[in-house]
Amino acid sequence: MLGLNKRDFLLLLVVSAMAALTPFLFQPFAETSPLAQFNGGYPDLMAKVAIFGIFAMGFNILFGLTGYLSFGHAAFLGVGSYAAVWMFKLLSLNIFPALILAILVSGLFSVVIGYISLRRTGIYFSILTLAMAEMSYRLAYSVLTPLTNGETGLQVRPTDPRILDRNSSANYPNLFGLELSDSYQLSLGNHVFTFNVGFYVCAVFFVIAFYLSLRIFRSPFGMMLRAIKSNQTRMNYTGLNPRPYALAAFVISGMYAGLAGGLLAVMDPLAGAERMVWTASGEVVIMTILGGAGTLLGPVLGAGVIKYLENIFSKINENVLEGWFHFLPEVVREPVVWFFARFTGEGWALTLGLLFMLVVIFLPGGLMQGGQKLVGLFRRKKKSGDDATTHSTPAE
Amino acid sequence: MGILEVKDVNKRFGGLQALKDVNLSVRENTVHAIIGPNGAGKSTLLNCLVGKLIPDTGSVLFEGQSVLGRKPHEINQMGISRVFQTPEIFGDLSVLENVLIPVFARRDGAFRLHAFETVANESELIEQADAILTDVNMIDKRHAHAASLSRGDKRRLEMAMCLVQNPKLLLLDEPTAGMARANTNATIDLLKEVHEQRDITMVIIEHDMHVVFSLAQRITVLAQGTPLVEDTPENIKGHPKVKEAYLGETQQV
Ligand SMILES: Nc1ncnc2c1ncn2[C@@H]1O[C@H](COP(=O)(O)OP(=O)(O)OP(=O)(O)O)[C@@H](O)[C@H]1O
Ligand SMILES: [Mg+2]
């Protein structure tokens, strides 16, 4: 169905269902419960997970399949955001023109950067992409300020031309009149479930992006990309030209990044150059590797884990820690709180660094490999259990 | 004129003259062996044929067209396939995928954006791949990870990848090195069969004289970058110069 075999179709169904049921699945704790802070921060956080999931998924098509490690992908995210906001300013607050332009412009931009960077492989490729993203970032603050509005960032203003919907009263991005900030609430007992338009827009694009990535993974094109990673020499002597394949993967992943950038602007119509800074490019690398590069779900998982933990850990400040450790005598409490405060709140990056280190050292295949190991362990146990019973039967 | 014409080729690596005035003519539908001691320049000669190296002087014509200055994938699309001395396969892919890639390359050319087709739906191509895997006796390993194969199996896989392209000229650089005796014999049979059924011209570099004399119709002896003699296997066996340069020191015929 949909060009997928049974297993993949099932996978797509599960992913779609999880996206659709997010308001239920990721809000397990009632609003009044003390554990409410561990809820999946809906809708903002969950929309962010979907958006960065798209970003990482696209990055994975390049890095996971071809092995080309780009350190400049945030540039395409930033360009997508700028393009979307310009569409809001010039044309209308409808999200479709904005997202279409975001994808097109970042696609074109990645053709240029990809064409230049792909003349080299390995570390030189990475450095070229890093350099070009950094150049874009600097240009956004200097020469290109008429386009980017410099440090203030690009915003939607009442004075904008907005040729198509000048007369409408809307002042927030909308889906044919349905404002993205609108929500519908459903209360069930203690729980209040919110259905947010913006989140569902992101979720729909997320599912489409996942479907396309699934198709690419199963296609001859995807197989060629894995061949590039495996052995370019053999590819050449098999009559294939690896360069256009790698460029196509680069552009596709650039367009995914552009869509993600566009969606960020759709959720919050503001674009700033800080989205293109090199640490932002590093973040998507970490997401992909943490989850499992080259796997279908890994990058999404990585994006989810990082965005979720970031949300939780940044909320835990010294006051919260004091609350947790109030049972300790003061002499002990103060150093303990001080210690944990290094890893939470502002210090969240330190926790992320440690987590990343542990995963890379013990699970080089990422969290997906961890999951597979667990499943394998479980299966083996079950199997040896079965063996034991079959062995014992004849003895009886 | 032969299908492959090498004229006055010289190749120098720094102070080392790896190929010196090499002339070689390979006639269509023959198996032409190149033998010679280690470091004679045999692999270097093949590198000049497939675009890996460009000779300093001289010309290389395949079917009357020059291959010099063309990219490796263009030369392959002209009909030249090569099995390398150290197997070049797609280690991260399955055995079946390894063979499928050349099948796709033959159908679609050097590049095609087939991002929304599905590999599993190409039953005709998969059949072709399975057929060649059956020929090289590896069908039971079609889902194995190519990197996990033994060295001999890697060679047979690489050979399958070249054969499935149905090349006009097949270059084999020590195809049986690292193989068990039984597999060597199976490889000889396979190459014989392929040669007879599909009219593939072959250039084979081999140290194992059993393989050379079972397959070759012409033999060129290369020593220190220059062809010493070129003749039929019968004449080569008794040739004093050859014995001196090669056979005597490394191999008992
Ligand atoms: N890329 C290179 N750069 C420098 N020297 C090279 C290069 N390739 C080969 N040589 C040298 O050229 C000479 C011929 O090497 P070549 O690999 O062609 O020998 P061969 O006949 O294939 O030997 P073998 O039987 O060991 O495979 C050797 O002395 C080798 O060291
Ligand atoms: Mg050699």
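So that the names make sense, note that chain A is the first sequence line, chain B the second, and so on, each numbered from 1. What's counted below: heavy atoms across the whole structure, side chains too, no hydrogens, waters or symmetry copies.
- Side chains of B:Asp92 and A:Arg226 form no contact here, defined as non-hydrogen atoms less than 4.5 Å apart.
- Residue B:Thr118 touches chain A through both its backbone and its side chain, counting heavy-atom pairs closer than 4.5 Å.
- Contacts between B:Gln165 and chain A at a heavy-atom distance below 4.5 Å involve the side chain alone, from C-beta outward.
- By number of non-hydrogen pairs under 4.5 angstrom with chain A, the leading residue of B:Leu100, B:Ile80, B:Ile101 is B:Ile101.
- The CG atom of B:Asn76 lies 11.5 Å from the CE atom of A:Met235; values are rounded to the nearest 0.5 Å.
- Within 6.0 Å of the CG atom in A:Leu2, the count of heavy atoms belonging to other residues, nucleotides or ligands exceeds 12.
- In B:Ile54, the CD1 atom is not crowded: 12 or fewer heavy atoms of neighbouring residues, nucleotides or ligands sit closer than 6.0 Å.
- Heavy-atom distances place the side chain of A:Met224, and not its backbone, under 4.5 Å from chain B.
- Annotation: the span from B:Phe90 atom CZ to A:Gln232 atom CD amounts to 10.0 Å, rounded to 0.5 Å.
- Proximity to chain A is limited to the side chain of B:Met161, based on heavy atoms less than 4.5 angstrom apart.
- Panel note: side chain A:Tyr245, backbone B:Arg112; a donor-acceptor pair is recorded below 3.5 Å.
- The closest side-chain heavy-atom distance from A:Tyr237 to B:Lys52 is below 4.5 Å.
- By the 6.0 Å contact criterion, OH on A:Tyr124 is open, its count of non-hydrogen atoms from other residues, nucleotides or ligands being 12 or less.
- Within a 6.0 Å radius of CZ in B:Phe13, more than 12 heavy atoms belonging to other residues, nucleotides or ligands are found.
- Your options are B:Glu158, B:Glu74, B:Arg82, B:Arg106, and the one with the most heavy-atom pairs under 4.5 Å with chain A is B:Glu158.
- Comparing A:Ile252, A:Thr233, A:Leu4, A:Leu225 by heavy-atom pairs within less than 4.5 Å of chain B, the highest count is held by A:Thr233.
- Rounded to the nearest 0.5 Å, atoms CD (B:Glu117) and CE (A:Met223) are 11.0 Å apart.
- Chain B forms the most heavy-atom pairs under 4.5 Å with one residue out of A:Gly3, A:Ala227, A:Pro242, and that residue is A:Ala227.
- For chain A, no part of B:Lys71 is nearby; none of its heavy atoms comes within less than 4.5 Å.
- Using a 4.5 Å cut-off between heavy atoms, A:Ala248 touches chain B through its side chain atoms alone.
- Across B:Ala105, B:Ala115, B:Gly51, B:Pro102, the residue that shares the most heavy-atom pairs under 4.5 angstrom with chain A is B:Ala115.
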Item checked: Test log, rule side-chain contact (heavy atoms from CB on, under 4.5 Å), inputs B:Ile89 and A:Arg234 -> CA-CA 6 Å; B:Ile89 55 172; A:Arg234 178 33 88 193; 5.6 Å; no
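- Here A:Leu247 contributes atom CG and B:Phe111 contributes atom CZ; the two are 8.0 Å apart, rounded to the nearest 0.5 Å.
- Few gaps surround CZ on B:Arg107; more than 12 heavy atoms of other groups in view lie less than 6.0 Å from it.
- Among A:Pro220, A:Ser230, A:Gly222, A:Pro244, the residue making the largest number of heavy-atom pairs under 4.5 Å with chain B is A:Pro220.
- With contacts defined as side-chain heavy-atom distances shorter than 4.5 Å, the pair B:His73/A:Leu240 does not qualify.
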